[in-house]
Amino acid sequence: MNTRIRTAFALLALPLALAGCGGTSPGASNGQGGAEGCVTDYAEGRDYFPDKSTVTESELWKISYHGSYKTITLTDTENADGPELKYVLYQCGTPAPAATGELEGALVVQVPVTNVSVTSFNALAMVDRLGKNKTITGLSGQLLGNAEKDEWYAGVVGAAGKPLSIGEYTDLDKEAVLGLKNQVVLMSGFGKGFDDISNARAAGMPGVSVSNRLERHALASAEWIKMVAAFYNAEAAANAEFDSIKAAYDKVVSTVSGKIGNRKAGYLCVAPERGCEFVHGHGAETLVGRLLTQLGVDNVFAPDNPAPNGQPYDFEKAVGTAADADFFIVYDPMKMTRATLTADPRTTRFKPFRDNNFIAGVDENFEECRAKTYLDVDVLIRDFALGLAPELFPDAKGTCFARAS
């Protein structure tokens with residue numbers, strides 16, 4: 001049975017004057033929220049955010065606090081040459097700052113938010129980790145569909161109540177979003193060549209870019225839980241969660257440092273059902289590519305492969321590229337991988353497949369892990385280390401990836 005990869009941290013209680021409110025600013029493109037628990041004795045100059053986050057790893061966003069409001073600025077990954085995206089989060093019961101000067105063009109949101117939609121896998125994992133599923137009133141059709149086949153998704157959707165479908169992240173249903181009066185829509189920032197968030201904002205929908213998958217480093221990706229938490233005034237919980245992830249991550253790196261040896265690995269997907277004609281090789285700039293570098297392992301697909309999503313499907317090219325690989329990380333479920341290997345005799349050309357020297361996705365955790373991979377980077381690097389050097393982790397079993405047997 002599928003289980004939670006990590007038990008969510010219990011949220012620390014907020015001061016009574018700060019808890020339980022929601023909504024957005026007058027003049028913003030979205031919503032309403034209740035006044036229960038809002039500040040009732042506003043005083044200019046008072047600090048209404050006793051818990052704060054500091055960005056230590058991310059290269060794409062930053063946060064600052066200004067008494068009764070906080071600002072988040074982040075790189076517009078869809079338009080790298082354009083201005084930064086800006087979000088102004090003001091405490092319920094305090095006056096909304098004017099979106100002028102440095103704040104011009106910002107999405108102004110009253111916090112803590114109580115009414116959100118989510119289309120991003122990663123953001124959904126973060127909202128769940130923060131214990132804020134009850135705030136979700138809308139989900140993409142894909143996320144809702146996953147609840148029909150995966151226990152973790154079913155639990156998230158069940159905790160949310162009855163969230164409505166708001167379309168897909170590439171084609172949001174504007175009428176549904178505006179009808180829900182969402183304060184924010186947490187969306188995936190896929191980067192150059194995409195315009196999902198740009199289109200949502202242009203259409204008057206409160207799209208917020210969760211671009212952690214584009215970070216260059218794994219811990220930077222995990223740190224985005226602090227960004228999502230800022231909309232909930234849940235900085236204390238997010239800080240604790242990130243510190244836990246970082247400690248576990250650093251422990252794995254310390255355990256394997258200098259001990260894996262001269263290994264040559266390939267990171268690839270193979271299952272036609274998931275869009276791989278047979279071999280799709282991922283390069284140095286992927287999250288996993290960087291993790292292999294962190295572990296001191298050569299990635300045979302790294303040379304001349306700088307694209308974030310790796311090389312296109314090309315079996316014959318892969319045969320030459322992966323000829324020296326002694327280990328594979330397969331980003332497909334184990335059952336599906338095994339079926340592909342059985343059905344296609346070409347797989348015997350690859351030594352890791354002949355020798356069963358590869359890891360693939362744990363079937364029962366696969367969908368859950370897809371949502372949590374970019375948050376639970378400590379779990380991910382541990383699974384890779386387990387596959388490469390199981391002797392360093394006696395009796396341990398992989399959570400998201402497991403060795404072939």
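Bear in mind the structure is a predicted one, so any value in this text is a computation, not a measurement.
Val116 has its side chain out of reach of Val185: every pair of non-hydrogen atoms, C-beta onward, lies at least 4.5 Å apart. Arg201 is listed as a side-chain neighbour of Leu107, based on a closest heavy-atom distance under 4.5 Å. In this structure, the side chains of Arg213 and Leu287 stay at 4.5 Å or more apart for every pair of heavy atoms. Between Val362 and Phe401, every side-chain heavy-atom pair lies at or beyond the 4.5 Å cut-off. Val330 is not listed as a side-chain neighbour of Cys269, based on a closest heavy-atom distance of 4.5 Å or more. No side-chain heavy atom of Phe384 sits under 4.5 Å from any side-chain heavy atom of Cys400. Two residues are said to be in side-chain contact when any heavy atoms from C-beta on lie closer than 4.5 Å; Leu124 and Tyr153 meet this criterion. Two residues are said to be in side-chain contact when any heavy atoms from C-beta on lie closer than 4.5 Å; Leu130 and Val228 meet this criterion.
Atoms CD1 and CG, from Ile166 and Asn182 in turn, are 6.5 Å apart once rounded to the nearest 0.5 Å. The CG atom of Leu144 sits 8.0 Å away from atom CD of Glu148, with the distance rounded to the nearest 0.5 Å. The distance from atom CD of Glu235 to atom CD1 of Ile225, rounded to the nearest 0.5 Å, is 11.5 Å. Note that the CH2 atom of Trp224 and the CD atom of Glu215 stand 6.5 Å from one another [nearest 0.5 Å]. Residue Leu180 holds its CG atom at 12.0 Å from CE of Met205, rounded to the nearest 0.5 Å. In this structure, the separation between OG on Ser165 and CD on Gln142 is 11.0 Å, given to the nearest 0.5 Å.
Counted by atom type alone, His66 and Ser64 present one or more donor-acceptor pairs between their side chains at under 3.5 Å. For the residue pair Glu78 / Ser198, a side-chain donor-acceptor distance below 3.5 Å is found, with atom types taken as modelled. Side-chain N/O atoms of Asp150 and Asn146 include no donor and acceptor closer than 3.5 Å. Ser120 and Ser188 form a side-chain donor-acceptor contact under 3.5 Å, judged by distance and modelled atom types alone. Defined by atom type and a distance below 3.5 Å, a donor-acceptor pair is missing between the side-chain atoms of Thr77 and Thr75. A donor-acceptor contact closer than 3.5 angstrom links the side chains of Thr56 and Glu223. A side-chain N or O of Trp152 and one of Asp128 form a donor-acceptor pair less than 3.5 Å apart. Using a 3.5 Å distance cut-off with no hydrogens or angles, the side chains of Asn115 and Thr137 do pair a donor with an acceptor.
With a 6.0 Å radius and a threshold of 12 heavy atoms from other residues, nucleotides or ligands, Arg216 has its CZ atom at or below the threshold. Within 6.0 Å of atom CG in Asp243, more than 12 heavy atoms from other residues, nucleotides or ligands are found, so the atom counts as buried in its surroundings. Residue Glu273 places its CD atom among more than 12 non-hydrogen atoms of other residues, nucleotides or ligands, all under 6.0 Å distant.
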For side chain to side chain contact (heavy atoms under 4.5 Å, CB included), just list the numbers for Thr114 and Tyr232, CA-CA rounded to whole Å, side-chain angles, deciding distance to a tenth of an Å, and then say yes or no.
-> CA-CA 8 Å; Thr114 58; Tyr232 290 101; over 6 Å; no
Could you go through the side chain to side chain contact (heavy atoms under 4.5 Å, CB included) check for Leu85 and Thr73 one step at a time?
-> CA-CA 6 Å; Leu85 299 177; Thr73 57; over 6 Å; no
Passes salt bridge (charged side-chain N to carboxylate O under 4.0 Å, His left out), Arg274 versus Asp332? Steps please.
-> CA-CA 8 Å; Arg274 296 214 318 124; Asp332 293 302; 2.6 Å; yes
Under the side chain to side chain contact (heavy atoms under 4.5 Å, CB included) rule, what do Leu74 and Met227 come out as? Steps first, then yes or no, please.
-> CA-CA 10 Å; Leu74 58 92; Met227 191 278 241; 3.6 Å; yes
For salt bridge (charged side-chain N to carboxylate O under 4.0 Å, His left out), just list the numbers for Asp250 and Lys246, CA-CA rounded to whole Å, side-chain angles, deciding distance to a tenth of an Å, and then say yes or no.
-> CA-CA 6 Å; Asp250 289 343; Lys246 185 177 185 302; 2.8 Å; yes
Test Lys351 against Asp326 for salt bridge (charged side-chain N to carboxylate O under 4.0 Å, His left out), laying out the working first.
-> CA-CA 6 Å; Lys351 188 175 185 297; Asp326 54 51; over 6 Å; no
Let me see the working for Tyr249 and Leu291 under side chain to side chain contact (heavy atoms under 4.5 Å, CB included), right down to the final yes or no.
-> CA-CA 11 Å; Tyr249 181 97; Leu291 286 179; 3.4 Å; yes
Salt bridge (charged side-chain N to carboxylate O under 4.0 Å, His left out) between Lys52 and Asp47, intermediate numbers included | CA-CA 11 Å; Lys52 297 176 174 61; Asp47 183 358; 2.6 Å; yes
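In this structure, Tyr48 and Tyr42 have parallel ring planes: the angle between them is below the 30° cut-off, well short of the 60° mark. A tilted orientation is assigned to the rings of Tyr331 and Phe366, their planes being inclined by 30° to 60°.
With Phe328 as the fixed residue, the ring pair (Phe, Tyr, Trp, His ring centres under 6.0 Å) test singles out one of Phe358, Tyr267, Phe353, Phe301: Phe353. When each of Val300, Ile329, Thr286 is checked for a side-chain contact (heavy atoms from CB on, under 4.5 Å) with Leu292, only Ile329 meets the rule.
Remark: side-chain polar atoms of Arg403 are not paired, donor with acceptor, to backbone N or O of Ile359 under 3.5 angstrom. Remark: side-chain polar atoms of Asn365 are paired, donor with acceptor, to backbone N or O of Thr399 under 3.5 angstrom. In this structure, the side chain of Thr293 engages the main chain of Gly289 through a donor-acceptor pair within 3.5 Å. A side-chain donor-acceptor contact under 3.5 Å links Asp314 to the backbone of Lys317. Under the 3.5 Å distance criterion, the side-chain polar atoms of Asn299 are matched with a main-chain donor or acceptor of His282. Side chain of Thr342 to main chain of Ala339: no donor-acceptor pair is present (N/O by atom type, distance under 3.5 Å, no hydrogens or angles).
Classification of Arg129 and Asp376 as a salt-bridged pair holds, one side-chain N sitting under 4.0 Å from a carboxylate O. The residues Glu391 and Lys259 are annotated as not salt-bridged, no charged nitrogen and carboxylate oxygen being separated by less than 4.0 angstrom. Using a 4.0 Å cut-off between charged side-chain N and carboxylate O, Lys335 and Asp363 make no salt bridge.
Between Leu143 and Val118, the shortest heavy-atom contact is CD1-O, 3.5 Å. The two residues Asp378 and Ile245 make their nearest non-hydrogen contact at CB-O, 3.5 Å. Closest approach of Val108 and Ala99 over heavy atoms only: CG2-CB, 4.1 Å.
Both tests pass for Arg370 against the ring of Phe121: distance under 6.0 Å to the centre and angle within 45° of the axis. For the pair Lys70 and Phe49, the cation sits on the ring face: its NZ or CZ lies under 6.0 Å from the ring centre, inside 45° of the axis. Both the sub-6.0 Å distance and the 45° axial angle are satisfied by Arg346 relative to the ring of Phe315.
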